[in-house]
Each structure stands twice: as structure tokens, then as C-alpha cells.
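Source: prediction; values computed, not measured.
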Amino acid sequence: MPLGKPQDKVALPKIEGPEDESRPLVVIDAGHGGHDPGAVSPHSGKYEKSVVLAIAKAVRDQLVSSGRVRVAMTRDTDKYLVLEERYGIARRLNADLFISIHADAAGNQSANGATVYTLSEVASDREAAKLAARENRSNIINGVNLGGANQDVSSILIDLTQRETMNVSADFAKLLIREGKRMIKFRGNPHRFASLVVLKAPDIPSVLFETGYLTNKEDVALLSSSSGQSKVAIGIANAIEAHFARKLAQR
């Protein structure tokens, strides 16, 4: 079934890595940006948009240095993209995997650890539902929805293609937890499900990775440091390479 052409709204980013189109392509999305700072740390004043951009760049550099996959970033500067543009870039590039990187916030400053979200129309818990509501509001500025639903994409969510994509996304989430926990701390029950707009590419496995809590003193110190960002990047890169190695072995 045709999935509909993604809208050509923004310029496509540069693809980095080996000049070999047979290599898998990963699109790394640094959440928020521009006028949308995301969460703000009460401990350091750090903006989520800046922290996750630094982590996304570290992931890109780690993957490019390995030479096993190609990489593109939805943004490599402090600019704003609506949610549909983010996964739209991945679709227009025919990406094999999409990872949106974020940092969480909570009223309870003891909350800590990383979480991986994959798409579901039914949230796995109340917290996941709140996250989806908060992140999906990134498209609304002064009461105006800047995204605009792509009906071709929305109508296909119930199709078998979407179901298979969601299954692959869930498998990758497990890999990300397995590889990431060697480097960073995860919270209890780290794989959760939510109706997140940014994950709704019907034909590209996608996850949203909350790397930790900016409201937690230890987490924000880790995520703001070059050594901490390197640890997160290594965990993500290892999971990506394991994912594609598994796919190659299954052929």
C-alpha cells in the first residue's frame, strides 16, 4: 500500500559517513530548538535543547568514526522544527532508523535515569501519557498548530506496515536498553509506550530516548558533561550497530 509522499517543507540535511548507499542510514533528531527550549534544569539552568543537541552530535561523531552506517541530523544548530518535519526528514531520506533524543523533567527531583519510548496509541502509564501531551504541544505556538496532520500518514497507522514498524522499533528499544545500561543508568521499567507525534513515521522504526532528568542534580551533571555525553553516545551507537548487524544476519 502506498504510504504517501512526505511533504517537502525543509531543506534536507547532509548525510555523513561512508559514501556507500548500501550502508544503513540513521537519522538523529535533537529535540526542541529555537524558541522552544524544552525542559530547563533548576540546578544549572541548562536548556534541554542545548543538552540534547550536544548528545546528538556526540552520537553522530561516534557513528561516523565507526564507518558502519551513514548518519544525518534533523538539526545541528539551534533551530526549531515542527514534529512532522522531524520524521518527515527521515522519510524523505529513506532512513532505516530514526532516534529522537530528549531529556526529561519531573516535579520530584529524585526522579532519575533514562527511558525509551516507542509508539502506541495507548500510553503504557499515566506518566507516558503526560509526556506525549507535553511533547506533542511543541507544535502549538500561541494557540496555532504549526504541524498540520498528514492524512495519508494518519490513516495508515492501522495498516500492517505500521504494525511491523512498531515491532521493529520495540526490538530496537530493547537493544538500546541493553547496550545503554553499560554506560548510563536507566529507570525501572525503562521501555514505555506513548502516542508521540515525532514517532509516527509509518515506515521507519523510531524511538524517543529520554536520556535522563534535567531536574535531577546527578543526571543533569552527567548529561551536561563531555564525558557523560560520550557515554550516552557510545551506548546509543553500540545499540544501532547491533541492530543492523542483527538485520544483516537475518537475511
Side-chain angles (χ1 to χ4, degrees), residues 1-9 12-13 15 21-29 31 56 59 63 69-74 81-102 115-124 128-129 131-132 135-136 139 147-180 190-210 236-237 239-251:
M1 181 179 291
L3 298 179
K5 293 182 180 180
Q7 296 179 11
D8 184 6
K9 291 184 178 180
L12 289 175
I15 297 175
E21 292 189 0
S22 69
R23 298 292 180 95
L25 173 60
V26 181
V27 171
I28 308 293
D29 172 50
V59 175
L63 289 170
V69 300
R70 298 175 296 144
V71 189
M73 296 179 64
T74 58
L81 294 167
V82 300
L83 301 176
E84 288 83 358
E85 287 172 340
R86 295 173 186 271
Y87 71 72
I89 287 171
R91 292 195 69 217
R92 289 164 59 203
L93 289 175
N94 295 315
D96 298 283
L97 186 65
F98 176 83
I99 304 174
S100 189
I101 298 176
H102 290 251
T115 314
V116 186
Y117 288 89
T118 54
L119 181 65
S120 172
E121 291 305 293
V122 180
S124 55
L131 174 90
E135 294 296 346
N136 293 348
N139 272 3
N150 181 325
Q151 293 303 316
D152 290 335
V153 172
S154 298
S155 64
I156 210 67
L157 288 174
I158 59 173
D159 187 73
L160 291 176
T161 300
Q162 179 71 58
R163 293 180 185 273
E164 176 60 23
T165 299
M166 290 165 70
N167 289 337
V168 176
S169 301
D171 287 342
F172 175 71
K174 295 172 186 175
L175 268 180
L176 183 52
I177 294 165
R178 186 190 78 184
E179 296 297 329
H191 180 197
R192 304 195 179 197
F193 301 87
S195 182
L196 292 158
V197 171
V198 76
L199 299 182
K200 290 191 175 182
D203 44 355
I204 300 172
S206 306
V207 302
L208 185 143
F209 187 27
E210 293 279 3
I236 295 174
I240 290 170
E241 292 177 359
H243 171 72
F244 289 116
R246 176 187 289 178
K247 287 190 67 176
L248 185 62
Q250 291 173 345
R251 290 180 182 174

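The minimum heavy-atom distance between A95 and I204, with the atom names listed, is O-CG1, 3.6 Å. In terms of heavy-atom proximity, L119 sits nearest to F193 at O-CD2, 4.3 Å. The shortest heavy-atom contact between L93 and A72 is CD1-CB, 3.9 Å. Contact detail for M166 and S120: the closest heavy-atom pair is CE-CA, 4.1 Å. Scanning both residues, K200 and S195, for their nearest heavy atoms gives NZ-OG, 3.4 Å. In terms of heavy atoms, P190 sits closest to I177 at CG-CD1, 3.7 Å.
Contact annotation: the side chain of K174 never approaches that of V116 to less than 4.5 Å [non-hydrogen atoms, C-beta and beyond]. Counting only heavy atoms from C-beta outward, the side chains of T74 and L81 approach each other to under 4.5 Å. Residues L97 and P24 form no side-chain contact, since every pair of their non-hydrogen atoms from C-beta on lies 4.5 Å or further apart. Contact annotation: the side chain of L175 approaches that of H243 to within less than 4.5 Å [non-hydrogen atoms, C-beta and beyond]. In this structure, the side chains of V71 and L25 stay at 4.5 Å or more apart for every pair of heavy atoms.
Without hydrogens or angle criteria, R70 side chain to I15 main chain gives no donor-acceptor distance under 3.5 Å.
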Could you walk me through whether F98 and V198 pass the side-chain contact (heavy atoms from CB on, under 4.5 Å) test, one step at a time? CA-CA 10 Å; F98 176 83; V198 76; 3.9 Å; yes

Output, in order, the C-alpha distance, side-chain angles, deciding distance and verdict of side-chain contact (heavy atoms from CB on, under 4.5 Å) for F209 and H102. CA-CA 6 Å; F209 187 27; H102 290 251; over 6 Å; no

Checking F244 against V26 for the side-chain contact (heavy atoms from CB on, under 4.5 Å) test, could you report, in this order, the C-alpha distance in whole Å, the side-chain angles of both residues, the deciding distance, and whether it holds? CA-CA 10 Å; F244 289 116; V26 181; 3.6 Å; yes

Given side-chain contact (heavy atoms from CB on, under 4.5 Å), test I99 with D29 step by step and report yes or no. CA-CA 6 Å; I99 304 174; D29 172 50; over 6 Å; no

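Within the model, atoms CG of L199 and OG1 of T165 stand 12.0 Å from one another, a figure rounded to the nearest 0.5 Å. If you take CD1 on I236 and CD on E179, they are separated by 12.0 Å, rounding to the nearest 0.5 Å. Distance check: D96 CG to K247 NZ gives 5.5 Å after rounding to the nearest 0.5 Å. Taken from CZ in R86 to CD in E84, the straight-line distance is 10.5 Å, to the nearest 0.5 Å. One distance of note links NE2 of H191 with OG1 of T118; it measures 3.0 Å at 0.5 Å rounding. S100 OG to I28 CD1: the interatomic distance, rounded to the nearest 0.5 Å, is 9.5 Å.
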